[in-house]
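Report on the structure given below.
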Amino acid sequence: MTTSASQYHEVYKSWLDDPEAFWGEAAKDVSWYKPWDSVLDAYSGQYGRWFSGAECNTAYNCLDRHVEAGLGDQPALIFDSPVTDTVKTFTYSELTDEVATLAAALVDLGVKTGDRVVIYMPMIPQAVMAMLACARIGAVHSVVFGGFAASELATRIDDAKPVAIVSASCGIEGSKVIPYKPLLDKAIELSQSKPSACLILQRPMAEASMIAGRDYDWLEVTTSLKERGRKAGPVAVKATDPLYILYTSGTTGQPKGVLRDNGGHMVALKWTMKNLYDIKPGEVFWVASDVGWVVGHSYICYAPLLHGATTLVYEGKPVGTPDAGAFWRVISQHKVASLFTAPTAFRAIKKEDPDGSFVGKYDMSCLRALFLAGERADPDTIKWAEAQLKVPVIDHWWQTETGWAIAGNPVGLGLLPIKYGSPTVAMPGYELHVLDEAGKPVAAGESGTIGIKLPLPPGNLPTLWGNDERFRESYLSQFEGYYSTSDAGYLDEDGYVYVMARTDDVINVAGHRLSTGQMEEVVATHPDVAECAVIGVADKLKGQLPAGFLVLNAGVTKDEKEIEAEVVKLVRAEIGPVAAFKNVMVVPRLPKTRSGKILRATMRKIADGEDWTAPATIDDPAILDEIQGVLSSRGMGA
Ligand code: COA
Ligand code: AMP
């Protein structure tokens, strides 16, 4: 691994010296209908807007542009689904036709530019097609992850107010078929805002019953359009117009609608494909995530296609579909140049196959790097992956809000030395400072909240959907002139960043971002629960798992175990299986400060078996011993 040749420092400095010139240059890699009036209009929006005045179309840049350049026969999307025993490739021409047809279907269902469309789909190519079809007609998609329950879907429907919903009859999770349509029907029943149409892809594993006048069959509709040769072309939208809304967990039950615009998003993503990921057009980039998460939006759907590379949609798991060699099979079969996934996926493989006995069965000489994100990559997992794959393993740090990496090791610019436990350095676009409580930068090596100096770079959220005030309050109000990442950590002498923990109640479970505050809101609705606390405890496989502590109402005589089981069921029904909320215990009291704040951080330390001391502000120190007693009776807390 030679590192002296890295151009990173030079490139970062060129950005720092003149951000507008840097992004203006990067924007030449995108095709525009109308150029911008200013690269950054510092006086618009919440902290400025990128490429104001420009017009473009994201789907055109992802599809038609490559066909027009003569790359129509090149593979654009490979679908690999071990759970349905399917492998299918779509060329750029084929994908463009599918998307243009689907876009016409949406127009016929009444979707206009600026309207929202909710997409609730499993990991199948039609999910990507639906996203691109919306982008093509200037509609704003909002993809909802399949592991969320009906009420979560309903919350998103009520916030986004979609004209139409695109869904499939079922998803397949390992060996389980999960019918989606009953969840969709229930969500629409629960929501105030009703879509006028639903386009449903029927899958043979679980066909959905359709509601006349509202539900339309994907295959019937698109077949008829194809017979008539009806397609919709890309429309010019403003660079600053919304491309999508992606809801993410915040500190309350109301998820935040992270907004993404068209122009800056394309510019930033296109830049990362070469400079960060070192992918050339025509190569296969595999992101083993889900289109329901930001990583899936940026790097399963948009960036590889903007770059003229080949994306891979994988409907399977790292283990069990059929074994711990699944990833290696996909890499060798499709000649994957780089894999990007969450550390938890590698921990799952390592648990099943610690010696890497499946690795040698496949020729993976095509693989050049592994990228990890979504949660802190623990050094053990990185070292295990390096030993097995013999390629650089790159941890990089980002958030739904940013849409692309805040910090990483830019392989395309030349690899920097890897320091285990650090996602390396700030990418151009991001000036990072570790801040103390007063918002003052601290010295290297000192911990604090990591802030990004405003303006945020292109591709980052300009605001929250329909809620500028919540945007300012959540991200800009804590530190003057900064976006607060709500991640705590430190920078070392070389500018390497270390991201250690969230400063709010967001936890990361198997690479899925969840709010313990939201879980508490649900748990508190149980009639026998007087008060509760949910914390994230360390887990060897999933990184963190939620644990719930319940104090019951006085006089409750029901069996505690029964109540615990009901609470587990409640969270699964209200938030969804993705919450992985299975660990619940009744406790006599919750530890609090004298002013009544629950001491969640101390409870977490006890549960994780870390050293802890009772905070000086505690009301009754004996309660912490009670908590430790309950935890140890459950085999937790060392
Ligand atoms: N639709 C419906 N249900 C889903 C789902 C989906 N798309 N995804 C997960 N679920 C369900 C699972 O079936 C499971 O249900 P169960 O409680 O009935 O078993 C539950 O939600 C929890 O899922 P998960 O925590 O993902 O566990 P898992 O055992 O199914 O899979 C991993 C473990 C590690 C393989 C998986 O979590 C993974 O691949 N994580 C990576 C996440 C990621 O890509 N994050 C984005 C950042 S890169
Ligand atoms: P999400 O919005 O789902 O992508 O989750 C973002 C959060 O995940 C961040 O705020 C971090 O807390 C965490 N995260 C993501 N990537 C990393 C990483 N490479 N290292 C440490 N934490 C990470």
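Whatever order the structure lists ligands and atoms in, that order sets their numbers, starting from 1.
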field: Within reach of ligand 2, part of W293 (heavy-atom separation under 4.0 Å)
entry: neither

task: Would you check the N or O atoms of E401, main chain and side chain alike, for any that come under 3.5 Å of an N or O of ligand 2?
output: no

query: Which part of Y180 is near ligand 1, with near meaning a heavy atom under 4.0 Å away: side chain, backbone, both or neither?
result: side chain

query: Among protein heavy atoms, which lies nearest atom 6 (C) of ligand 2, and at what distance?
result: W398 O, 3.5 Å

statement: Per-atom filter on ligand 1: closer than 4.0 angstrom to a heavy atom of P318 are 35 (C)

- line: atom 28 (P) of ligand 1: closest protein heavy atom, distance to 0.1 Å, is K317 NZ, 3.9 Å

query: Which residue owns the protein heavy atom closest to atom 5 (O) of ligand 2, what's the atom, and how far is it?
result: R513 CD, 3.5 Å

message: Among all the protein's heavy atoms, is there at least one whose distance to atom 46 (C) of ligand 1 comes out below 4.0 Å?
response: yes

- prompt: On the ring face of Y180, is R203 found with NZ or CZ under 6.0 Å from the centre and within 45° of the axis?
  reply: no

message: Using a 4.0 Å cut-off to any heavy atom of A288, which atoms of ligand 1 qualify?
response: 44 (O)

- request: Taking only heavy atoms of D395 into account, list the atoms of ligand 2 that are under 4.0 Å away from them.
  value: 18 (C), 19 (N)

- request: Ignoring angles and geometry beyond distance, decide whether T485 reaches within less than 3.5 Å of ligand 2 through its nitrogen or oxygen atoms.
  value: no

message: When you compare the side chains of Y420 and E386, does any donor N or O come within less than 3.5 Å of an acceptor on the partner?
response: yes

- line: ligand 2 to D487, heavy atom cutoff 4.0 Å, flagged ligand atoms 9 (C), 10 (O), 11 (C), 12 (O)

task: Please state whether the rings of F285 and Y277 are parallel, tilted or perpendicular, taking 30° and 60° as the class boundaries.
output: tilted

message: Here's a test for you: under salt bridge (charged side-chain N to carboxylate O under 4.0 Å, His left out), which of R634, K582, K569 qualifies with E564?
response: R634

- request: Scan side-chain atoms only and decide if R260 and Y244 contain a donor-acceptor pair under the 3.5 Å cut-off.
  value: yes

- request: Take K88 and D80, measure what salt bridge (charged side-chain N to carboxylate O under 4.0 Å, His left out) needs, and give me the verdict at the end.
  value: CA-CA 7 Å; K88 183 168 166 48; D80 187 305; over 6 Å; no

- request: Tell me yes or no: between the side chains of Q399 and D487, is some donor less than 3.5 Å from an acceptor?
  value: yes

- prompt: Between A579, G576, A510, G296, which one has a non-hydrogen atom sitting closest to atom 41 (C) of ligand 1?
  reply: A510

- request: May I ask you to say whether E352 pairs ionically with R347, meaning some side-chain N is under 4.0 Å from a carboxylate O?
  value: no

- request: Would you verify that at least one protein heavy atom lies under 4.0 Å from atom 33 (C) of ligand 1, or report that none does?
  value: no

- line: re atom 2 (C) of ligand 1, the protein heavy-atom contact at minimum distance is G146 O, 3.4 Å

- line: Among K542, M123, K582, closest by heavy atom to atom 23 (O) of ligand 1 is K542

query: With distance as the sole criterion, is a donor-acceptor pair present between the side chains of N460 and Y430 under 3.5 Å?
result: yes

- prompt: Considering only protein heavy atoms, which is closest to atom 18 (C) of ligand 2, and at what distance to one decimal place?
  reply: E375 O, 3.3 Å

task: Identify the protein heavy atom lying closest to atom 2 (O) of ligand 2, giving its residue, its atom name and the separation to 0.1 Å.
output: T400 OG1, 2.5 Å

- prompt: Who pairs with L491 by side chain to side chain contact (heavy atoms under 4.5 Å, CB included), at least two apart in sequence or on another chain?
  reply: V434, V497

- prompt: Judged by modelled atom types alone, do Y247 and T155 share a side-chain donor-acceptor pair under 3.5 Å?
  reply: no

field: ligand 1 contact on A373 by region, counting heavy-atom pairs under 4.0 Å
entry: backbone

- request: Please determine, by modelled atom types, if Q518 and E152 share a side-chain donor-acceptor pair under 3.5 angstrom.
  value: yes

query: Between CD of E473 and CG of N467, what distance do you get to the nearest 0.5 Å?
result: 8.5 Å

- line: The answer for which part of N508 has a heavy atom under 4.0 Å from ligand 2 is side chain

- prompt: Could an N or O of ligand 1 be found under 3.5 Å from any N or O of G374, whether backbone or side chain?
  reply: no

task: Indicate whether any N or O donor in one side chain lies under 3.5 Å from an N or O acceptor in the other, for S422 and Y490.
output: no

query: For ligand 1, which part of P577 has a heavy atom less than 4.0 Å away: the side chain, the backbone, both, or neither?
result: both

- request: Report yes if G374 has an N/O atom closer than 3.5 Å to an N/O atom of ligand 2; otherwise report no.
  value: yes

- prompt: Quick one: does K317's side chain have a donor or acceptor within less than 3.5 Å of a partner on E173's backbone?
  reply: no

query: Within 45° of the ring axis of Y482 and under 6.0 Å from its six-membered ring centre, is that where the NZ or CZ of K453 lies?
result: no

- line: Note: heavy atom closest to atom 8 (N) of ligand 1, options E173, R513, R572, belongs to E173

field: Distance filter under 4.0 Å to T344 heavy atoms, resulting ligand 1 atoms
entry: 34 (C), 40 (N), 41 (C)

message: Looking only at the side chains, is there a donor atom on one of S142 and R156 sitting less than 3.5 Å from an acceptor on the other?
response: no

- prompt: In terms of atom number and element, which parts of ligand 1 are under 4.0 angstrom from non-hydrogen atoms of H512?
  reply: 26 (O), 37 (O), 42 (C)

task: Using a strict 4.0 Å cut-off to heavy atoms of R502, name the atoms of ligand 2 that fall inside it.
output: 9 (C), 10 (O), 12 (O)

message: Could you tell me, atom by atom, which parts of ligand 1 come under 4.0 Å of a heavy atom of K176?
response: 13 (O), 15 (O), 16 (P), 18 (O), 19 (O)

- line: V578 heavy atoms within 4.0 Å reach ligand 1 at atoms 21 (O)

Atom 20 (N) of ligand 2 - nearest protein heavy atom and its distance: R376 CA, 3.4 Å

task: Answer with yes or no whether the side chains of H396 and N409 bring together a donor and an acceptor at under 3.5 Å.
output: no

message: Using a 4.0 Å heavy-atom cut-off, which part of H512 comes near ligand 2: side chain, backbone, both, or neither?
response: neither

